[in-house]
Structure formats: structure tokens, C-alpha cells
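Working notes, structure below.
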Amino acid sequence: MAADRRTVIENCSIATVDAHDTAYENGHLVLAGNRIESLGAGRAPDGLENVERRIDATGHLVTPGLVNTHHHFYQWITRGLATDHNLFDWLVALYPTWARIDEQMVRAAAQGSLAMMARGGVTTAMDHHYVFPKGSGDLSGAIIGAARDMGVRFTLARGSMDRSEKDGGLPPDFAVETLEGALAATEETVGQHHDDSFDAMTQVAVAPCSPFSVSTELMRQGAELARRLGVRLHTHGSETVEEEKFCHELFGMGPTDYFESTGWLGEDVWMAHCVHMNDSDIDAFARTGTGVAHCPSSNARLAAGIARVPDMLKAGVPVGLGVDGTASNESGELHTELRNALLINRLGAHREAALNARQALRLGTYGGAQVLGRASQIGSLEPGKLADLVLWKLDTLAHASIADPVTALVFGAAAPVTASFVNGRQIVEHGRLLHADEDAIARSTREEARRLARIAAQS
């Protein structure tokens, strides 16, 4: 939308998720182009020029768009498998199948993953893609193209693995890259696709998969590459007790100390899971500004444990929410993670004081923006920020008797999305995607899942 064209949203509750958690019981927002121009209590000011659209949002809560901080899109076509496994056994069971993916499969899987998130309120997504079988095609281009077509703001964490079965790792030998090849391909991806502008729709991070699937040199040189290129770093960290044991056996230290020794702590780093963190680990993350992608459903699905999110937040660690790959979170939705983060953390040491509804919403919005390095642009509703926002319908049977709208959104059933805007452009209306055919995506993902299963079985 042109910068001087306005959309006015009125008669809604607003949760800004700004530094003061400012809220309006009955308020308005004015969008000008791709920015939030103003917001406040009551109706929008009279006399606004170039108003192209007015939305009566009676019965709705408006929040910042949800920000997903960890995902593996390709797993959309391997959902429902190895459902009773811990992480390492799950990886052993699925890597032989994942090693047969190709560009067509990855594009279909990315479309499915993105569609499910977008229709549920995600406006900024990320994908940590680290499986690049030889001859599989332009996988990064396929993922980025799917996000562009969906209209979602996107970060590709260009992953890599160079530790295969012959080196004591889990992936088949033909599904990993060489050290030199991984670094060169990652740098090429950054050069082709990364945009560092304020309103960037596509960014790229450097993202070796995990300590047990990459060499120490790939970790170290990956960090050096990211900082030379001025992009962020992402990996998995401290997900399971088995991983911690592996790090002690192989490196003589725990995961956090290993990360620090390879240059992997800092304000430009975020890590997925971080379930098994002691006080010293949390202090190190807080001291260095290292972020965490909390994936409550996946952590439960793989019996990994309960991350110490309340302790991280108290220490000042940036924390966002992640769906994780849909082979370990089959729903593929982030808005359900608001509720799951709150409930699962209340099973931990802090019990009912672990998280409240507003803290959970902050994890899924501003916290995610912090983790992705975009807190000045997205994650809260403030004048000058990008117009990424969601209208949640809360006046139906599922929520109408809950007085507080944020409590209704977080504690209640998954709320319908009446409208979702990214960069000032509407991408969802009444729970349906405006710029993609959901039925066609469902058909293609089913077909590609079946094709992958056939190829894996024949191999």
C-alpha cells in the first residue's frame, strides 16, 4: 500500500505489548502504508485523509502478529511418524527418509508449514533448514519463494551438517555437506537473499544444525562467517540430557561452555530449546544477550523436558516461541504455543507463578522479535513500527464469557483470525489465506509425502 494510503481499524480491544503493556479496552489503529501511524483509545481522529478502508473490529482483540523463532518446514511431509521416540531415536528413525527430500518436496512442505502458521496469526516466520542431499536442487530458493508467495515476513536460517554416520553422526553420508561446501553455500545464500533494510521481508541467518551433527570447525567458522557478513546465528542447544552427555564425552564440557568456546554466545545468536540449562548456563546467556526459541509442544512430544523459561526471563534472557518441525509438533501452529507455554511451565518448579497470560503473549510477539533481532521493527503495536498485526475474534461461544481478552486468547480455545496484516497488506480474512489456495496446498503436500515415503521405502 502506498505510504499515504490509510487503513483505520476501530472499536477493538488492543494489546500493544509495548514496554508498559499498554492496553485499550476500546481503541483504534491507523495504518499508513506499511507502518503503524497511530493508535489509542476510542475512535480514530476525524479528518484523516486518504482513508481507503475502515474496519469495524467490534468483538475483536488486536495484537502484534505472532513471530515464530524456530521451525523445520521440510518436516511437514513426515508428520505422524516415530510418535513414541525420544530425540536421538526419533532422528535415527527419520534421517533415512529426510535424506531423500528434493526441491519439489521442500517447496510443498514449506507451503504447508507457512499456510498453517499464517492462517493462525503468524506474520513473521523462520525456517531452520539443514538437510541438503546431493543433487536435491535449490532448496533455499524454494523455501524463500514459498514465503514470498504467502506474503509472510521471513528469516531463513541456512543450516548445515558435516558430521555424518562415518564420523559418528546420525545423518547418512550423502545427506551432509563438506565444511568448505557448507560455508560457501551459506555465504552465497546470504549474498543472494538477505535484506538488512528496516522493512525487509527476507533475511538469512547462519545456522549449523547442532553440536552433535556438525564439526567444531563448522561451528567456529560459521560464527566467523556470520559476523563478517553482519547476519545472525542460530542452532539447537541443550535440548536433551543425551545431548549434554554427548558434549561432555566429545568436548569435555557442557553445551553452553562449548558454544562459548566456539564463538556461539552473543546478542546476534539465538538457540532452539535450551531445556537442560543450569544456573551458570542461564547466567551466560543473560550476560551475553543470547536468545532462546522456546518450543513447548515439541519438547513435550519428544519427552525432552521443561525449559526453565521463568528463570531465563528473570535473568534477562531474550525468549521467543517456536513451533519446531512438524515431525515433532504435528499441529504446526504457533498460537496454540501461547497456551502450551503457559501450561507446561506451570508444571515446573514455579508452579502457578511461572507465567501469566500477558507474559505468554509477549513470548509469542515481542520476545520473538527480540530473538530475531527485529524488536525495533515488529513485535509490538507502536507508531512507526511495521504494520504486522492480527485481529482475533473473541465474541463467539468459545470466548465471549471471558472478560479479559488477553486471558481469552491465551487460556481459551484457539481463537479465529478475522484478519492478519503483514507490512500493511492483508494476508488472511476470516481464517482463510487471501493469496494462496489452501486446498491445492493440502493436495500437493499429501502427494509429496506419499512420494517421499515411496522413495524412502525403495531405498
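Quick note: residue numbers are just sequence positions, from 1.
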Please assess Leu61 against Ile14 for the test side-chain contact (heavy atoms from CB on, under 4.5 Å), listing each intermediate value before the final yes or no.
CA-CA 6 Å; Leu61 170 67; Ile14 301 173; 5.8 Å; no
Checking Met201 against Asp195 for the side-chain contact (heavy atoms from CB on, under 4.5 Å) test, could you report, in this order, the C-alpha distance in whole Å, the side-chain angles of both residues, the deciding distance, and whether it holds?
CA-CA 7 Å; Met201 291 295 291; Asp195 181 0; over 6 Å; no
Go through the steps for Lys385 and Asp199 under the test salt bridge (charged side-chain N to carboxylate O under 4.0 Å, His left out), then give the verdict.
CA-CA 9 Å; Lys385 283 199 166 185; Asp199 56 358; over 6 Å; no
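Using a distance-only test at 3.5 Å, with no hydrogens or angles considered, a donor-acceptor pair links the side chain of His28 to the main chain of Gly42. A donor-acceptor pair under 3.5 Å links the side-chain atoms of Arg339 to the main chain of Phe411, judged by distance alone.
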Donor-acceptor pairs under 3.5 Å, side chain of residues 361-372 to any protein atom, not counting sequence neighbours: which ones?
from   : atom 1 : to     : atom 2 : distance (Å)
Arg362 : NH2    : Asp18  : O      : 2.5
Arg362 : NH2    : Asp21  : OD1    : 3.0
Thr365 : OG1    : Leu361 : O      : 2.7

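In the model, Ser297 has no side-chain atom that pairs as donor or acceptor with a side-chain atom of Asn299 under 3.5 Å. Counting only N and O atoms by type, the side chains of Thr189 and Thr186 include no donor and acceptor under 3.5 Å apart. With hydrogens and angles left out, the side-chain atoms of His273 and His294 include no donor and acceptor closer than 3.5 Å. Judged by distance alone, the side chains of His71 and Asp127 never bring a donor and an acceptor atom under 3.5 Å apart. Defined by atom type and a distance below 3.5 Å, a donor-acceptor pair is missing between the side-chain atoms of Arg153 and Gln377. No side-chain donor from either of Thr290 and Trp270 sits under 3.5 Å from a side-chain acceptor of the other.
Partners of Arg308 according to the side-chain hydrogen bond (donor to acceptor under 3.5 Å, both in side chains) rule, which considers only residues two or more places apart in sequence or in another chain, are Asp279, Asp311.
In summary, the aromatic rings of His236 and His72 are positioned with their centroids under 6.0 Å apart. You'll find the ring centres of Trp76 and Trp98 outside the 6.0 Å limit.
Heavy-atom contacts from other residues, nucleotides or ligands closer than 6.0 Å to CD of Glu429 number more than 12.
Below 30°, between 30° and 60°, or above 60°: for Tyr74 and Tyr130 the angle between ring planes is above 60°, a perpendicular geometry.
Remark: Arg158 is positioned above the aromatic ring of Phe132, its terminal NZ or CZ atom under 6.0 angstrom from the ring centre and at most 45 degrees off the axis.
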